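Note that the structure is a prediction, hence the values are computed from the model and not measured.
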Amino acid sequence: MPSTCTPPLTAEETRPEPPAGPVDIRLIVTDMDGTLLDDAKRIPEGLWPVLAQLRERGVLFSPASGRQYATLAEQFAGAEQGMVFIAENGTYVVRDGEELSSDPLERADVVRLVTAVRELAGRGVDVGVVVCGKRSAYVERTDEPFLAEVRKYYVRHRVVADVAAVDDDVIKIALFDFGSAEATTAPALAPFTATHQVVVSGEHWVDVMNPTANKGAAVRRLQRALGVTPAQTLVFGDYLNDLEMLDAAEWSFAMANAHPEVVRRARHLAPSNNDNGVLRTIARLLHLPLPRD
């Protein structure tokens, strides 16, 4: 779907300064890793009082991540009431425990994708597959280095004999490459790009989803449901799986640490994830007290 916003600025163009007065923001959507979270994967302590102020103003805060819903719900436990979680790169959207939308893969495609990853591993690539279902994530590899990476993003996961045969709605296939996902795993999955999205979502992660599924599509559905416009939407991102949702908001911010393509696509720049860039930008635009780092 084409963006209803004005064309984004390039990295070489001067980006406009936000107005001096508070901006009419009704929806805030932020990526997690490399964006809201610092490099130690911590949520800034200043977020919790900001969330309370946003609720008072009627502003909806929505985490949008490649992480599973169970992981996001655990991270925001105690503050999740009314919050919309855009999980699994937009393939699964949940509010107050109720599914708002999902985009499951066809079973035959799951088998094809898992087979391709097994063949890739058989050629010596140190890669593992995570089959992401609505109820749980599923893995076959049992070595601790791989499981340690899985636990960071999938608090609800199970080791099974055959991930292609799980009894669950599969919404995403995630691959962890101990080398470079962008240089090795993503190119190896090029045959699937004609029918699916193959998205590099981090230095070591590649996600494969239906062509209709991405964070931007989820944000646009949410905007329609809430009656919120792109001009009332504030979005933060840092990596390639954030590109479509940047297009869904006029207030789109790339983090200072973002991938170069994300910097080119966004209309504005925010301080880095380690400099509390999300909260500092929210406070500036909405004229909230600046939370302590």
Side-chain angles (χ1 to χ4, degrees), residues 1-10 13-32 35-36 43-44 46-65 76 79-86 90 93 95-96 100-101 214-238 242-256 258 262-273 275-292:
M1 179 185 298
S3 172
T4 59
C5 306
T6 55
L9 298 169
T10 66
E13 292 175 330
T14 302
R15 296 162 195 266
E17 285 294 321
V23 178
D24 178 24
I25 298 296
R26 307 295 175 86
L27 173 63
I28 298 175
V29 184
T30 181
D31 173 56
M32 294 290 286
T35 302
L36 180 65
I43 292 178
L47 176 66
W48 312 113
V50 167
L51 288 180
Q53 294 177 70
L54 293 176
R55 284 195 180 92
E56 291 176 2
R57 296 191 181 195
V59 180
L60 180 65
F61 182 88
S62 178
S65 176
F76 288 91
E80 74 275 19
Q81 185 175 2
M83 190 178 293
V84 174
F85 294 100
I86 300 174
V93 181
R95 185 175 193 175
D96 293 331
L100 298 184
S101 65
N214 58 66
K215 292 182 183 181
V219 170
R220 292 182 189 281
R221 285 193 296 268
L222 188 55
Q223 288 170 328
R224 290 194 294 269
L226 298 173
V228 171
T229 69
Q232 295 170 318
T233 305
L234 171 60
V235 168
F236 299 91
D238 79 303
D242 298 322
L243 291 173
E244 291 87 355
M245 76 172 183
L246 293 173
D247 293 342
E250 289 190 9
W251 294 102
S252 60
F253 281 80
M255 310 307 291
V262 176
V263 173
R264 285 191 288 269
R265 191 83 148 245
R267 291 167 175 77
H268 305 277
L269 295 177
S272 79
N273 62 318
D275 291 329
N276 212 7
V278 170
L279 292 190
R280 288 169 61 184
T281 302
I282 291 173
R284 179 163 57 100
L285 290 179
L286 276 69
H287 286 206
L288 299 177
L290 184 64
R292 294 181 179 179

Does a side-chain heavy-atom distance below 4.5 Å link [X] with [Y]?
X	Y	answer
Thr281	Pro271	yes
Leu36	Pro44	yes
Ile28	Val278	no
Phe253	Leu269	no
Pro289	Gln53	yes
Val29	Leu27	yes
Asp31	Phe236	no
Val84	Phe61	no

For [X], check side-chain contact (heavy atoms from CB on, under 4.5 Å) against everything at least two apart and list the hits.
X	answer
Arg26	Asp24, Val228, Gln232
Arg57	Val59, Leu286, Leu288
Ala79	Trp48, Leu51, Arg55
Ser65	Met32, Asp33, Arg67, Leu72

Going from [atom1] on [X] to [atom2] on [Y], what distance comes out if it is rounded to the nearest 0.5 angstrom?
X	Y	atom1	atom2	result
Leu100	Phe85	CG	CZ	11.5 Å
Leu234	Ser62	CG	OG	12.0 Å
His268	Glu250	NE2	CD	8.5 Å
Ile282	Leu54	CD1	CG	6.0 Å
Met83	Phe76	CE	CZ	5.5 Å

For the student: nearest non-hydrogen atoms of [X] and [Y], plus distance:
X	Y	answer
Ala248	Gly216	CB-O, 4.4 Å
Arg284	His287	O-CD2, 3.1 Å
Ile86	Ala218	CG2-CB, 3.8 Å
Ala258	Gly237	CB-O, 4.3 Å
Leu246	Arg267	O-NH1, 3.7 Å

Side chain to side chain donor-acceptor pair (under 3.5 Å) partners for [X], two or more places apart:
X	value
Ser272	Asp275
Asp238	Thr35
Gln223	Thr233

Test log, rule side chain to side chain contact (heavy atoms under 4.5 Å, CB included), inputs Leu243 and Val262:
CA-CA 6 Å; Leu243 291 173; Val262 176; 3.9 Å; yes

Arg265 and Asp247: CA distance, side-chain angles, deciding distance, side chain to side chain contact (heavy atoms under 4.5 Å, CB included) verdict:
CA-CA 8 Å; Arg265 191 83 148 245; Asp247 293 342; 3.0 Å; yes

Strictly distance-based, threshold 3.5 Å: is any side-chain N or O of Lys215 a donor or acceptor partner for the main-chain N or O of Asp242?
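Not a single qualifying donor-acceptor pair exists.
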
